[in-house]
Amino acid sequence: MDYTFLKACRGEETDYTPIWIMRQAGRYLPEYHTVRDKVTFLELCKTPELAAEVSIQPVDIIGVDAAIMFSDILVPIEKMGAHLEFREKQGPVFPSPIRDQAAVDRLGIPDPEDDLGYVMDTIRILRRELEGKAPLIGFSGAPFTLATYLIEGGSSRTFLNTKMMMYNDPGLYKSLMDKITDCTTTYLKGQIAAGVQALQIFDSWVGILAPCDFAEFALPYVNRIITELKKVSDIPIIYFANNGATLIEQSLTSGADVLGIDWRINLSDVVKRVDGRAAIQGNMEPLALFLPPDKLEKRIANVLEEAKGARGHIFNLGHGIVQQTDPEKAKLAVELVHKLSRRA
Ligand code: CP3
């Protein structure tokens with residue numbers, strides 16, 4: 001089965017523009033809460049039957065063209081040996097941040113099947129249940145974004161500790177990034193072996209870097225992962241550098257097949273700068289889903305128009321869907337993307 005989403009990733013002609021939504025499996029869906037109310041977030045990630053169930057919900061309920069496995073970018077990091085908690089209203093917390101060589105040396109490289117078997121089982125269940133219905137996207141965080149959580153001990157506003165380590169102790173920073181890169185490469189190879197049909201690498205915080213720091217402290221590690229993955233598989237790889245409008249030319253050298261684009265830039269601009277060297281994914285402002293239907297339709301038509309000339313376009317939001325979104329609006333957006341993009 002050749003799915004529209006996969007064809008668009010490869011830059012092939014499609015009958016319509018496919019759409020999926022970052023964070024599509026989650027709290028804006030009442031059906032997610034029904035499952036989530038019985039378990040903690042990490043338990044949900046670690047119970048393959050339940051993780052598979054919530055991954056399929058957006059395919060069935062809002063009609064997206066691809067499923068993304070339900071997990072979190074920090075799940076493999078926990079298995080490197082860094083204790084992780086998800087706290088209500090605070091999000092992810094690592095109570096013992098990584099700030100010295102001894103702490104880096106204590107981190108291990110988890111084995112996908114032995115240590116992260118629940119993720120691999122989720123993938124296997126999903127491939128069975130999605131057969132003929134939708135392709136499955138696997139994912140990881142990018143090394144820089146993952147490192148910020150480990151170094152800061154959680155989310156951050158200034159990323160002070162991360163930048164201090166980069167500038168004051170580049171050897172320590174590099175040894176941490178090397179380890180996260182090895183962990184991520186192994187983990188993504190495991191996901192490929194378990195059956196994912198595309199991969200997205202989330203670089204949620206990379207937009208806080210100056211272009212020269214991106215070149216030195218973030219991009220080479222993404223490039224290393226993609227180079228290794230391309231040796232074992234030709235599934236499409238999407239690199240999403242959030243807030244990365246200034247980093248597009250550099251991001252193209254990552255080796256990704258698709259660049260994920262946030263909403264702070266016009267896609268027409270991106271199409272010109274990418275110039276057929278990758279497919280593009282994005283980029284409607286997530287809160288545009290709060291517009292009334294007629295204005296939402298115009299917004300979607302505009303994104304589709306701007307993407308014309310791209311070598312492959314996958315519609316998405318410019319970042320994750322927010323919790324307060326009306327699921328009916330998300331469903332309407334999917335229908336509108338399909339209707340407005342249908343080729344005669
Ligand atoms: O996209 C999907 O539908 C698949 C599932 C998915 C989740 N997290 C589930 C989740 C994916 C792909 C992620 C990636 C992720 N996790 C990122 C990169 C994407 C992005 O948004 O930039 C990041 C930075 C994280 C780290 C993370 N996880 C944070 C900061 C938080 C707390 C903030 C929040 O949104 O609550 C999480 C928790 C989380 N991950 C939830 C979900 C559904 C909410 C948990 C709950 O049910 O209470």
Side-chain angles (χ1 to χ4, degrees), residues 19-47 50-62 64-78 82 84-94 119 122-123 126 134 136-150 152-157 159 162 184 187-188 191 196 198-208 238-244 260-263 281-283 286 316-325 327 330:
I19 169 173
W20 70 280
I21 298 176
M22 286 187 274
R23 296 287 196 104
Q24 65 188 16
R27 290 170 298 191
Y28 71 105
L29 285 177
E31 292 84 353
Y32 172 79
H33 288 279
T34 307
V35 178
R36 170 72 168 81
D37 284 350
K38 295 177 224 148
V39 289
T40 67
F41 173 64
L42 275 176
E43 279 164 356
L44 177 48
C45 292
K46 293 174 184 179
T47 312
L50 297 182
E53 183 181 343
V54 299
S55 308
I56 296 173
Q57 285 176 348
V59 177
D60 289 340
I61 298 164
I62 66 168
V64 288
D65 296 290
I68 181 162
M69 67 169 192
F70 190 84
S71 182
D72 196 86
I73 58 168
L74 300 175
V75 162
I77 302 305
E78 180 190 36
L84 169 66
E85 293 170 18
F86 278 88
R87 296 189 188 151
E88 242 9 271
K89 297 210 166 68
Q90 205 184 343
V93 176
F94 288 103
V119 178
T122 302
I123 292 169
L126 279 168
L136 177 63
I137 306 169
F139 69 88
S140 75
F144 175 76
T145 287
L146 296 172
T148 66
Y149 282 99
L150 278 174
E152 303 293 336
S155 301
S156 172
R157 204 184 294 269
F159 299 92
T162 307
T184 304
Y187 179 54
L188 292 179
Q191 292 186 30
V196 300
L199 284 169
Q200 174 152 321
I201 300 174
F202 285 91
D203 222 343
S204 306
W205 302 123
V206 81
I208 59 145
I238 308 163
Y239 176 51
F240 174 60
N242 183 35
N243 217 339
I261 308 293
D262 69 80
W263 72 94
Q281 173 178 283
N283 76 338
N316 205 315
L317 301 180
H319 201 178
I321 188 168
V322 308
Q323 187 181 353
Q324 293 79 3
T325 307

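Side chains included, hydrogens not; waters and symmetry mates left out as well; all remaining heavy atoms used. Both ligands and their constituent atoms are indexed starting at 1 by order of listing.
For ligand 1, the polar-atom distance check finds an N/O of Arg27 within less than 3.5 Å of one of the ligand's N/O atoms. Note: an N/O pair closer than 3.5 Å links Gln24 and ligand 1 by distance alone.
In this structure, the side chain of Arg23 does not engage the main chain of Gly26 through any donor-acceptor pair within 3.5 Å. Remark: the backbone N or O of Ile321 is not paired with any side-chain donor or acceptor of Thr325 at under 3.5 angstrom. Between the Gln24 side chain and the Ala66 main chain, a donor and an acceptor come within less than 3.5 Å of each other. Side chain of Thr148 to main chain of Thr145: a donor-acceptor pair is present (N/O by atom type, distance under 3.5 Å, no hydrogens or angles).
From the protein, the heavy atom lying nearest to atom 46 (C) of ligand 1 is Arg36 NE, 3.3 Å. Summary of contacts: the protein heavy atom closest to atom 42 (C) of ligand 1 is Phe41 CE1, 3.5 Å. Here the protein heavy atom with the shortest distance to atom 38 (C) of ligand 1 is Phe86 CE2, 3.6 Å. The nearest protein atom to atom 13 (C) of ligand 1, hydrogens excluded, is given as Arg23 NE, 3.5 Å; this is a heavy-atom distance. Summary of contacts: the protein heavy atom closest to atom 3 (O) of ligand 1 is Ala25 N, 2.8 Å. The nearest heavy-atom contact from the protein to atom 17 (C) of ligand 1 is Ile73 CD1, 3.7 Å. The nearest protein atom to atom 19 (C) of ligand 1, hydrogens excluded, is given as Phe202 CD2, 3.4 Å; this is a heavy-atom distance. When hydrogens are left out, the protein atom nearest atom 47 (O) of ligand 1 is Tyr32 OH, 2.5 Å; that is the closest non-hydrogen contact.
The heavy atom nearest to atom 8 (N) of ligand 1, considering only Val93, Leu42, Asp72, is found in Asp72.
With ligand atoms numbered from 1 in the order given, ligand 1 contributes 20 (C), 21 (O), 22 (O) to contacts under 4.0 Å with heavy atoms of His319. Every atom of ligand 1 is numbered from 1 in the order shown, and the set under 4.0 Å from a heavy atom of Met69 is 4 (C). Numbered from 1 in the order shown, with element, the atoms of ligand 1 that lie under 4.0 Å from a heavy atom of Tyr149 read 24 (C), 26 (C), 30 (C). Residue Ser71 has at least one heavy-atom neighbour below 4.0 Å for each of these atoms of ligand 1: 5 (C), 6 (C), 7 (C), 8 (N), 9 (C). Near Ser204, meaning under 4.0 Å from any of its heavy atoms, are these atoms of ligand 1: 18 (C), 19 (C), 20 (C), 22 (O), 24 (C).
Atom CG of Leu317 sits about 9.5 Å away from atom CH2 of Trp263, to the nearest 0.5 Å.
The residues Glu152 and Arg157 are annotated as not salt-bridged, no charged nitrogen and carboxylate oxygen being separated by less than 4.0 angstrom.
Counting heavy atoms closer than 4.0 Å to ligand 1, residue Gln200 contributes nothing at all.
Using a 4.5 Å cut-off on side-chain heavy atoms (C-beta onward), Ile238 and Leu199 make no contact. At least one side-chain heavy atom of Ile73 sits under 4.5 Å from a side-chain heavy atom of Leu146.
In summary, the aromatic rings of Tyr32 and Phe70 are positioned with their centroids under 6.0 Å apart. For Tyr149 and Phe94, the ring centers are positioned 6.0 Å apart or more. The aromatic ring centroids of Trp205 and Phe144 lie 6.0 Å or more from each other.
Using a non-hydrogen distance threshold of 4.0 Å, Asn242 does not register as a contact of ligand 1. Using a 4.0 Å cutoff on heavy atoms, Pro92 counts as a contact of ligand 1.
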Pair Phe240-Gln281, side chain to side chain contact (heavy atoms under 4.5 Å, CB included): steps then yes or no: CA-CA 9 Å; Phe240 174 60; Gln281 173 178 283; 5.6 Å; no

